[in-house]
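Only a predicted model underlies this, so the values are computations on that prediction, with no experimental measurement involved. Counting from 1, the numbers follow the sequence of the chain as shown.
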Amino acid sequence: MYQVPYGKTFLDFDLPPGMQGTLVKSEAVQPLTDVEGAIAQTLSTPINSPPLTQLAHPGDRVCIVFTDITRDSPDQVLIPPILQQLEKAGVSDQDITLLCGIGMHRPSTMAEKVTKLGQAVVDRYRVIDHEPQNPDQLVDLGVINGIPLSVNKVAYHADILIATGIVEPHQYAGYSGGCKTVAVGAAGEPLIAYSHSPKFIDHPNCRLGKLEENPFQQAVTEAAMRAGLGFIINVVLDDQKQIVSVLAGEPRETHKRLVEQAKTLNQVSISQQYDVVIGGVGFPKDANLYQASRAASYLFFAPTPVVRPGGYFIIPAQCPEGVGAGVGEQRFLAAMRDIPSVQQILQEGRKHGYPPGQQRAFVMAKVLEQNSVIIVGSDYPEVVEACKMIPAETMDEALARVAADLGKELDVLVVPHALLTLPVISHL
């Protein structure tokens, strides 16, 4: 019996006779037993930076950029200690803005802001959403090294710019967190479009787990530094979303150290490619198809794809929001639904580029060019079908479909946490 996340619960299933299953999970690491103590410790002795109590002064304007509900960053425990340090430094409440870095996602709801920050913080401080398509809310920083830099006005004009985040495998950046919270979450549409263009997605160094010589990582770092990002606090989580590491300080070095820790946790050695990979997602990433489809593309864009050409990805995902309500999600849907073939999606993207959000269609077209993707248990099977993927009500139905196509004797890899576990083929 296997078990993978599905929404806020789990899906249990067996493989039919003839299918050989292999289960891979991230390395088990002891989570922090005193989270508050660890946060206090890293804030008092940050990496390559004075503590916030020395950085901040009365009259300083402070902006804290945090991720939206699609990210697991535990901001409700990270941000209150930051606010306490700013208060100690004499920064007044009205000079502090908490900016939700939504990127091209939909605006966050009040309930989501409370979930992310806690009621006390929302009641006391100014909490706003980034507006990537509103020129009045952006500062254009010009084109540097070919990068069209733009960032939220509140973030740019802050005397102190702080970001929270979670360091986990990321399809283009290698690892998320660090500068990305500001450089994508609080950027203008041109910068998001540039950093998610075919130039990057087709680049061999824009890969899961790869930071060195990664042009996407270089672009977001450049953008965040130009925007004035001076201090971050980031975490590494385990499969159960417990904090195993937290560090604060200067963005680049702090991120680098957390990536080293995350790699020992996330990267798992496997010995071969598989016919079928079953990838778990779970809440909050399976809220919509745009986010849930990452499970297939993450496994596809591993250093070596884990599914052989012609094989299948099976992703259980409820997708209660359908494809997703944001501008980016709707662009993804339009491209997947309206462009006749995956080859044409790729050709048009390489020839003409695309707006932010549509990069997920380009990415999924690269996956679907080689493999089929089955989404199990979606509330909106018609949306799955419109996006050139295969809906299935149950795991049994999905596995039967695969067996009918490929035969009954199959090697199956089960990855319960497909967005946190990076299977690396040690030899082919």
Show, in sequence, the C-alpha distance, side-chain angles and deciding distance for T67 and K116, and conclude whether the side chain to side chain donor-acceptor pair (under 3.5 Å) test is met. CA-CA 9 Å; T67 57; K116 288 291 282 187; 3.3 Å; yes

Looking at R106 and E112, does any basic side-chain N land under 4.0 Å from a carboxylate oxygen? yes

Check for a donor-acceptor pair, side chain of K113 on one end and backbone N or O of S108 on the other, with a separation under 3.5 Å. yes

With the side chain counted from C-beta on, respond yes when N288 and E329 share a heavy-atom pair under 4.5 Å apart, and no when they do not. yes

For the pair T181 (side chain) and G177 (backbone), establish whether a donor and an acceptor sit closer than 3.5 Å, ignoring hydrogens and angles. no

Look only at the side chain of T42 and the backbone of A38, and say whether a donor-acceptor pair between them is shorter than 3.5 Å. no

Quick one, F283 and P5 - any side-chain contact, counting heavy atoms below 4.5 Å? no

Check whether any side-chain N or O of K153 sits under 3.5 Å from a backbone N or O of P135 as a donor-acceptor pair, and report yes or no. no

Do F313 and S372 make a side-chain contact, defined as non-hydrogen atoms from C-beta onward lying under 4.5 Å apart? no

Using the ring centroid of each side chain, check whether Y175 and H255 are separated by less than 6.0 Å. no

Indicate yes or no: at least one non-hydrogen side-chain atom of V246 is less than 4.5 angstrom from one of L78. yes

Separation of L99 CG from I162 CD1 (nearest 0.5 Å): 12.5 Å

Would S245 and Q261 count as a side chain to side chain donor-acceptor pair (under 3.5 Å) if you check the C-alpha gap in whole Å, the side-chain angles of each, and the deciding distance to 0.1 Å? CA-CA 8 Å; S245 183; Q261 296 179 27; 2.3 Å; yes

Rounded to the nearest 0.5 Å, what separates atom CD1 in I233 from atom CG in L52? 8.5 Å

From the options M336, M389, R360, select the one residue that forms a side chain to side chain contact (heavy atoms under 4.5 Å, CB included) with L289. M389

May I ask you to say whether E168 pairs ionically with R71, meaning some side-chain N is under 4.0 Å from a carboxylate O? no

I'd like to know whether E36 forms a side-chain contact (heavy atoms from CB on, under 4.5 Å) with D34, so could you lay out the CA-CA distance, the side-chain angles of the two residues, the decisive distance to 0.1 Å, and finally the verdict. CA-CA 6 Å; E36 286 183 9; D34 180 9; 4.1 Å; yes

Could you tell me whether the side chain of Q137 and the main chain of N134 form a donor-acceptor pair under 3.5 Å? no

Does any part of the side chain of V268, heavy atoms only, come nearer than 4.5 Å to the side chain of V424, both counted from C-beta? no

Does any non-hydrogen side-chain atom of C206 lie less than 4.5 Å from one of F301? no

Y2/M395 under side-chain contact (heavy atoms from CB on, under 4.5 Å): CA gap, chis, key distance, verdict: CA-CA 11 Å; Y2 295 93; M395 283 296 296; over 6 Å; no

Is the Y172 ring parallel, tilted or perpendicular to the F216 ring (thresholds 30°, 60°)? tilted

Pair Y194 + F200: ring centers closer than 6.0 Å: yes

Can we say D202 and K366 salt-bridge, meaning some charged N sits less than 4.0 Å from an Asp/Glu carboxylate O? yes

Are R331 and E189 ion-paired here, with the side-chain N under 4.0 Å from a carboxylate O? yes

Side-chain heavy-atom pair Q273, T304 within 4.5 angstrom cut-off: yes

Side-chain donor or acceptor of H130 paired with backbone N/O of A187 under 3.5 Å: yes

Decide yes or no on side-chain contact (heavy atoms from CB on, under 4.5 Å) for T164 and I79, but give the supporting numbers first. CA-CA 8 Å; T164 64; I79 287 179; 3.9 Å; yes

Check against side chain to side chain donor-acceptor pair (under 3.5 Å), T53 and Q85: CA-CA 5 Å; T53 47; Q85 290 225 334; 4.5 Å; no

With rounding to the nearest 0.5 Å, note down the distance linking CD1 in I243 to OG1 in T33. 12.0 Å

Given the rule in the side chain to side chain donor-acceptor pair (under 3.5 Å) test, do D411 and Q272 qualify, once you have shown the distances and angles that lead to the verdict? CA-CA 10 Å; D411 288 324; Q272 64 179 69; 3.2 Å; yes

Do you know which two heavy atoms are closest between P416 and V24, and how far apart they sit? CD-O, 3.3 Å

Please round to the nearest 0.5 Å and tell me the distance separating atom CD of Q344 and atom CD1 of I339. 7.0 Å

Backbone N/O of S378 and side chain of Q318: donor-acceptor pair under 3.5 Å: no

About how many Å separate CZ of R207 and CG of L422, when rounded to the nearest 0.5 Å? 11.5 Å

N/O donor-acceptor pair under 3.5 Å between N371 side chain and Y312 backbone: no

Only one of D396, I374, L406 passes side chain to side chain contact (heavy atoms under 4.5 Å, CB included) with R401, and that residue is I374

Given 3.5 Å as the limit, does a donor-acceptor pair link the side chain of E250 with the main chain of R252, or not? yes

Could you walk me through whether Y125 and L117 pass side-chain contact (heavy atoms from CB on, under 4.5 Å), step by step? CA-CA 10 Å; Y125 296 92; L117 302 173; over 6 Å; no

So do I82 and V62 actually touch side chain to side chain, heavy atoms under 4.5 Å? no

Would the number of heavy atoms belonging to other residues, nucleotides or ligands and lying under 6.0 Å from NZ of K256 be above 12? no

Does CD in Q3 sit with more than 12 non-hydrogen atoms of other residues, nucleotides or ligands closer than 6.0 Å? yes

Donor-acceptor under 3.5 Å (S426 side chain, I270 main chain): yes

